[in-house]
Amino acid sequence: MDPLRVRFSFGEPVHLLYLDESGHSHDPSSEFFVLAGFSVFEQQTHWLEGQIDPISLRFSTANPREIEFHGSPMRSGKDEWKGVPPRTGFKPSLIY
């Protein structure tokens, strides 16, 4: 058997993991602490980009890949989200 194949285990599925938090568990002024994450099978990233890229283009035609979808700036209209009315903001239901 090829030693490289055994060493790198190419036959195993790979998932990309994303984990993010909001709030602080040790901060008395923070009412909530939220920890969320998701896993994407590596071969689904192309499909996911195809769904997210058109949304990014709505907010930055010059640099759509530079847009960051963070809840706080989107909700408050900060940074690249300045001037974007709340109703035109990103809606998770668009990524099905």
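None of these values were measured; they are calculated from a predicted model.
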**Study point:** Crowding at NE2, H46 (>12 non-hydrogen neighbours, <6.0 Å)
**Key:** no
Point to revise | ILVMFWY network linking I52 to Y18, side-chain heavy atoms under 4.5 angstrom | key: yes
Practice item. Considering non-hydrogen atoms only, spot the tightest contact between I67 and S56 and give its length. Key: CG1-O, 4.3 Å
Study note, to complete from the structure: Between P13 and F41 the two heavy atoms that sit nearest each other are CB-CE1, 3.6 Å
**Study point:** Where Q51 and P54 come nearest, the two heavy atoms and their spacing
**Key:** O-CD, 3.6 Å
Check your understanding: More than 12 heavy atoms of other residues, nucleotides or ligands under 6.0 Å from CD of E42: is that the case?
Key -> yes
Check your understanding: What about V34 and L17, same hydrophobic cluster or not, with Ile/Leu/Val/Met/Phe/Trp/Tyr joined at side-chain heavy-atom distances under 4.5 Å?
Key -> no
Practice item. Enter the distance from E49:CD to Q44:CD here, rounded to the nearest 0.5 Å. Key: 12.5 Å
Exercise for review: Flag yes if V40 and W47 sit in one hydrophobic cluster, no otherwise; membership is Ile, Leu, Val, Met, Phe, Trp, Tyr, and two members link when side-chain heavy atoms are under 4.5 Å apart.
Suggested key: yes
Study note, to complete from the structure: In terms of heavy-atom contacts, H24 and S30 come closest through N-OG, 3.3 Å
Check your understanding: Which pair of heavy atoms, one from L19 and one from A36, lies closest together, and at what distance?
Key -> CD1-O, 3.3 Å
**Study point:** Atom pair CG (N63) and CG (L57), whose distance is rounded to the nearest 0.5 Å
**Key:** 10.5 Å
Exercise for review: For side-chain contact (heavy atoms from CB on, under 4.5 Å), just list the numbers for R65 and D53, CA-CA rounded to whole Å, side-chain angles, deciding distance to a tenth of an Å, and then say yes or no.
Suggested key: CA-CA 7 Å; R65 295 281 173 118; D53 286 350; 2.9 Å; yes
